[in-house]
Amino acid sequence: MRCKSRPAEDQPSMQSLISQVRNEIARALVIAIGEDARGVDPLVKPATDAKFGDYQCNVAMSLGKTLGRKPRDVAQAVVDGLGDSTLFEAPEIAGPGFINLRLRTERLSTSLEEVPSIADVESDRLGISLVTGEERRRVIVDYSSPNVAKEMHVGHLRSTVIGDVIARVIAFQGHEVIRQNHLGDWGTQFGMVILALWHLCMRKHQGESVEDFQGVTAKLTDPTLDAEARLSLLKQRARIHQDNLNRDPTGDVEFHPYLTALEPSFETLLPLYRYVSAIEKAAKGLSDEALLIHNSETGQSQHLSELSRYVAAMLQGKTDRSNEQERAAWFKAKEATLVVCSGIYRQLGVLLEDGDICGESFYQPLLHEIEVNGERLPGVVDEVKLILAPPGKEADGMRAVCREDQGAICVFLEKPDGTPCFKGPEGDALPMLIEKSDGASLYATTDIAGILYRVAHATENPVQLHIPRLREQLATLGGGLGADRVIYVVGAPQKLHFQMLFPTAHATGWTRKGDRSVQLEHVAFGSVLGEDRKMLKTRSGDSIKLKSLLDEAVDRARNLVGDMQKDPNRTTDLSPEEVENVANIVGIGAVKYADLCQNRNTDYVFSWDKMLAMQGNTAPYMLYAYARIRSIYRRGAESAPFDADVRNASLQLNEPAERDLALAVLRLPDTIDAVGEQLMPNYLCDYLYGLAGKFMVFYENCSVLKAPDAATYASRMRLCDLTARALRIGLSLLGIRTLEKM
RNA sequence: GCGCCCGUAGCUCAGUUGGAUAGAGCAACGGUUUCCUAAACCGUAGGUCGCAGGUUCGAAUCCUGCCGGGCGCGCCA
């Protein structure tokens with residue numbers, strides 16, 4: 001409920017500690033040095049060691065240099081400028097010119113006392129203020145990106161989990177967040193799914209079951225199979241394909257009626273898709289007449305390994321065939337996949353919903369199209385060609401030039417002196433291809449169109465487009481999202497792609513929004529490795545399915561809880577329902593936390609034992625810390641109620657453990673801001689681990705329920721409550737629910 | 001060949017963008033329970049931050065060159 005009598009600035013809010021310190025120092029700097037010092041970065045950091053205080057200011061060393069004064073003298077001048085601060089104790093100058101700052105303990109207690117007592121657990125933000133006005137941005141977070149007709153595997157885990165944290169953190173700061181799931185639902189994918197469905201339809205003529213297709217797939221992917229046997233198998237499959245095609249060359253007799261009635265399930269679609277994929281991979285590069293499939297209807301022949309690409313091109317309007325049924329079937333296949341993905345998102349506890357799906361196919365209207373009469377309807381590539389026509393446009397310190405090369409439409413990125421920014425293996429310039437020589441679109445084409453859609457806005461960013469059709473198509477998509485920041489959570493191997501994509505996008509000028517530029521950021525991450533330090537695979541060499549990974553995590557957590565329950569020393573006992581809940585939250589939380597607590601840039605080694613350990617920087621440890629606090633709370637409520645005396649208690653931070661814990665709680669907003677800027681979820685994990693550690697020390701040294709007096713009891717109870725809330729908020733930003741008991 | 005990322009304790013990893021004596025967890029050794037959850041806590045030991053130069057008051061961090069590992073490099077996504 002809004003409280004209209006109180007102006008916004010008087011709302012109790014937990015202000016960023018470090019910015020308060022910075023402001024004080026900045027003010028002192030102007031007093032000490034004069035107006036020249038206005039705007040100088042005060043170089044305030046958390047102290048490297050508790051004995052140096054809480055924060056340190058390193059500005060004297062750098063300023064001493066530029067001013068030609070002794071750093072210690074500059075430090076003294078800054079300290080004099082601070083005067084009697086209400087924020088710090090008397091600062092100390094140390095070493096070459098460090099200014100050590102220790103916050104007044106009263107300041108810590110009053111800051112925490114201002115935090116409103118909790119009203120609604122779900123919307124609790126510990127009084128941390130929201131960004132408003134100019135500061136508030138519209139941010140798109142593009143993550144997860146599964147593919148149609150494929151199962152999600154561990155490779156999707158990191159994008160999904162990291163992207164979700166980024167979306168949550170930025171939304172918590174108060175920005176407008178648009179989550180987008182860039183589903184792989186176009187291009188070759190499309191062709192492969194339709195081919196799979198075609199096999200599913202025609203298999204009856206050979207009397208083959210889905211299992212038979214699986215058998216062929218297994219043989220083709222068997223590394224021990226010799227080349228001759230593989231070729232012979234491929235020839236046999238090619239013959240079957242040819243027979244089936246001859247039976248129904250237009251698709252009108254059998255295939256289209258089949259598609260119209262189709263209700264595909266993911267379980268039947270998947271093996272057929274794998275079959276198509278295995279056939280094409282095995283046949284690639286083999287030149288043999290017997291691997292050519294001839295279509296009597298079109299008079300054309302296609303190599304076995306090129307079939308899906310041909311089908312995809314055909315269905316994308318490159319031929320004059322009607323393809324309504326295929327598109328409808330494609331849509332159904334997509335739906336079947338999404339049901340499975342949604343299940344995983346629910347189990348994983350991520351925010352992505354069906355409404356966040358904005359896959360590759362969504363941007364197709366912005367791409368060029370070939371009409372039935374062969375006329376080219378221009379699209380985004382034509383627009384780029386116009387804007388970046390030689391001599392091109394400057395952006396990010398390079399020059400982007402769009403021109404045709406070897407029949408393909410390319411964007412070349414060059415340094416100011418004309419040398420290429422990117423090179424291929426022969427040392428020749430490596431362009432970004434945005435249209436293939438056969439006129440088809442690529443990954444980069446969709447991404448360029450995606451940027452246009454995400455960045456343009458009818459009123460906020462009215463991008464001027466030269467191609468009237470592109471303008472119209474954009475309008476049919478609503479005119480664009482008008483983003484201020486677009487974040488791509490995509491694996492590190494695609495770094496080169498984004499290094500070419502972003503400067504190209506900036507060169508078009510679309511990303512200039514008002515007086516600033518839209519931020520395009522690639523949040524790269526390393527691979528998940530097995531204990532053998534190679535990409536995590538099953539023993540048979542397949543990538544591990546996300547679903548089975550999550551199920552195993554819950555199973556392992558359940559066993560762990562079961563073992564703990566048998567311990568006679570334990571004071572808590574859990575009902576079967578509670579055990580199941582603990583197993584779910586601990587198991588899934590462990591998988592997510594293990595991923596998030598690692599610096600995302602590096603590969604990480606997946607280890608069940610480490611992620612489920614109770615000690616160290618793990619989800620179980622963090623959840624245990626929270627459960628311990630809640631246990632105190634429950635017991636306290638029995639004997640000494642958590643009433644107004646506690647909610648309004650003044651905080652007494654006399655013990656070092658109490659003060660350390662209070663300071664840690666107050667650092668939450670700084671941590672959230674750091675994650676929002678640098679997009680590093682492990683900073684938040686580090687913070688929470690530190691906070692939990694501080695609580696453990698407090699727990700061992702400062703008894704709450706047996707506090708020496710009522711005032712200390714109330715103060716410690718309140719500190720426990722604040723700590724629990726900080727942990728709960730932090731974990732919820734990581735997408736991990738907390739447990740009252742475990 | 002070129003580009004990107006990485007190399008930190010026996011192992012797995014932090015290190016908030018240049019700060020003081022480089023930190024955790026595991027493994028090893030020692031201690032803590034009539035006391036709010038011992039799934040915990042405290043302590044000890046363990047380092048030429050791959051190597052060699054350079055930049056400066058100050059480098060794990062920035063620059064150069066090597067060595068070792070991973071990934072990427074035109075019509076796939």
Side-chain angles (χ1 to χ4, degrees), chain A residues 43 45-49 52 56 58 61-62 64-65 71 94-98 100 145 147 184 186-189 309 360 405-410 421-438 440 442-444 446 491-497 499 524 526-527 529 533-534 560-561 563-564 567 569-572 597-599 601-605 607 609-610 613-618 620-621 623-625 627-629 631-636 670-671 674-675 677-678 680 682-683 685-687 689-690 693 696-697 699-701 703-706 716 720 741-742:
Chain A
L43 297 176
K45 325 233 142 135
T48 51
D49 191 314
F52 299 134
Q56 60 177 312
N58 304 330
M61 275 91 75
S62 68
K65 177 90 176 167
F98 295 105
N100 291 333
S145 313
N147 292 309
W186 201 250
T188 321
Q189 290 279 314
R309 208 165 298 163
E360 294 165 356
D405 190 80
Q406 296 170 36
I409 299 174
C410 303
C421 294
F422 305 97
K423 290 177 189 168
E426 319 305 318
D428 47 341
L430 181 75
M432 180 173 70
L433 268 71
I434 56 173
E435 192 175 303
K436 299 203 279 188
S437 48
D438 67 358
L442 301 104
Y443 185 47
T446 304
Q494 293 193 44
K495 194 161 185 164
L496 179 62
H497 168 69
Q499 280 177 339
S527 315
L529 307 179
R533 304 234 55 180
K534 293 191 173 150
L560 228 51
V561 181
D563 291 346
M564 296 305 158
D567 186 341
N569 292 326
R570 281 190 54 97
T571 53
T572 32
C597 74
Q598 199 112 145
N599 183 317
N601 290 303
T602 52
D603 294 347
Y604 91 94
V605 178
S607 161
D609 290 343
K610 286 198 174 70
M614 266 313 297
Q615 49 279 94
N617 196 1
T618 67
Y621 178 86
L623 291 168
Y624 179 63
R628 267 186 150 182
I629 304 179
S631 175
I632 297 174
Y633 191 98
R634 271 194 306 277
R635 283 173 179 258
D670 289 340
T671 307
V675 176
E677 273 164 41
Q678 298 175 51
M680 299 288 274
N682 66 310
Y683 289 175
C685 296
D686 283 349
Y687 165 80
Y689 183 48
M696 290 296 188
V697 174
Y699 185 88
E700 299 288 332
N701 292 290
S703 182
V704 178
L705 300 181
K706 296 200 170 101
R716 288 182 179 170
C720 280
K741 277 188 190 176
M742 69 182 276

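A note on names: the letters A, B, ... follow the listed sequences, proteins ahead of strands, and every chain is numbered from 1.
Across all strands shown, A/Lys45 has heavy atoms under 4.0 Å from sugar-phosphate atoms exclusively, and none from any base. Heavy atoms of A/Leu433 sit under 4.0 angstrom from at least one base atom. The residue A/Gly427 sits apart from the nucleic acid: no heavy atom pair falls under 4.0 Å. Contact annotation for A/Asn701: no contact, since no heavy-atom pair falls under 4.0 Å across all strands. Within 4.0 Å of A/Val697, counting heavy atoms only, lie sugar-phosphate atoms of the nucleic acid but no base atom. Among the protein residues, A/Asn599 comes within range of the sugar-phosphate backbone only, with heavy atoms under 4.0 Å from sugar or phosphate atoms but none that close to a base. At the heavy-atom level, A/Ala492 lies nowhere under 4.0 Å from the strands shown. Across all strands, A/Glu360 comes closer than 4.0 Å only to sugar-phosphate atoms, never to a base (heavy-atom distances). Using a 4.0 Å heavy-atom distance criterion, A/Glu426 is classed as making no nucleic acid contact. Residue contacts for A/Pro620: at a heavy-atom cut-off of 4.0 Å it reaches no nucleic acid atom on any strand shown. Residue contacts for A/Cys597: at a heavy-atom cut-off of 4.0 Å it reaches no nucleic acid atom on any strand shown. Using a 4.0 Å heavy-atom criterion, one finds that A/Met696 contacts the sugar-phosphate atoms exclusively. Contacts of A/Ala625 with the nucleic acid, taken as non-hydrogen atoms under 4.0 Å apart, are absent. Counting non-hydrogen atoms under 4.0 angstrom, A/Met680 reaches nothing in the nucleic acid.
Look at OH on A/Tyr604: it is 20 Å from P on B/G70, rounded to the nearest Å. A/Phe422 places its CZ atom 12 Å from the C1' atom of B/G72, with the value rounded to the nearest Å.
Between A/Asn682 and B/A14 there is no side-chain polar atom (N or O) within less than 4.0 angstrom of OP1 or OP2. For the pair A/Gln406 and B/G74, the criterion of a side-chain N or O lying under 4.0 Å from OP1 or OP2 is not met. Proximity of A/Arg635 to the phosphate of B/U37: a side-chain N or O atom is located under 4.0 Å from OP1 or OP2. Within the structure, every side-chain polar atom (N or O) of A/Lys423 is placed at least 4.0 Å from both OP1 and OP2 of B/G1. An OP1 or OP2 oxygen of B/U21 is reached within less than 4.0 angstrom by no side-chain nitrogen or oxygen of A/Thr48. At the phosphate of B/U37, OP1 or OP2 sits under 4.0 Å from a side-chain N or O atom of A/Ser631. The shortest distance between the side-chain N/O atoms of A/Arg309 and the OP1/OP2 oxygens of B/C76 is below 4.0 Å. Contact between the side-chain N/O atoms of A/Tyr683 and the OP1/OP2 oxygens of B/U17 is not found at any separation under 4.0 Å.
Look at the C1' atom in both B/A39 and B/A20: the space between them is 38 Å, to the nearest Å. On the C1' atoms, B/G18 is 40 Å away from B/A77, given to the nearest whole Å. Rounded to whole Å, the separation between the P atoms of B/C11 and B/C5 comes to 25 Å. B/U37 and B/G25 are spaced 23 Å apart, taking the P atom of each and rounding to whole Å. A gap of 13 Å separates the C1' atoms of B/G15 and B/G19, to the nearest Å. B/C71 and B/C63 have their P atoms separated by 24 Å, given to the nearest Å. Annotation: B/G53 and B/A59 have their P atoms spaced 14 Å apart (nearest Å).
At a cut-off of 3.5 angstrom, counting only N and O atoms as typed in the model, there is no donor on one side facing an acceptor on the other between the side-chain of A/Asn58 and the base of B/G58.
A 3.5 Å limit on both hydrogen-bonding distances identifies B/G3 as the Watson-Crick or G-U partner of B/C71. Pairing for B/U32 is with B/A40, a Watson-Crick or G-U wobble pair whose two hydrogen-bonding atom distances lie under 3.5 Å. Applying the Watson-Crick and G-U wobble criteria (two distances, each under 3.5 Å), B/C66 pairs with B/G50.
B/A40 has no base stacking with the ring of A/Tyr699 when judged by centroids under 5.5 angstrom apart and an interplanar angle below 30°. In this pair, A/Phe98 lays its aromatic ring flat on the base of B/A20, centres within 5.5 Å and planes under 30 degrees apart.
Anti is the classification of B/U32, since its glycosidic angle lies more than 90° from 0.
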Every protein N/O within reach of nucleotides 22-30 of chain B N/O, cut-off under 3.5 Å:
{"residue": "B/A24", "atom": "O2'", "partner": "A/Tyr689", "partner atom": "OH", "Å": "3.2"}

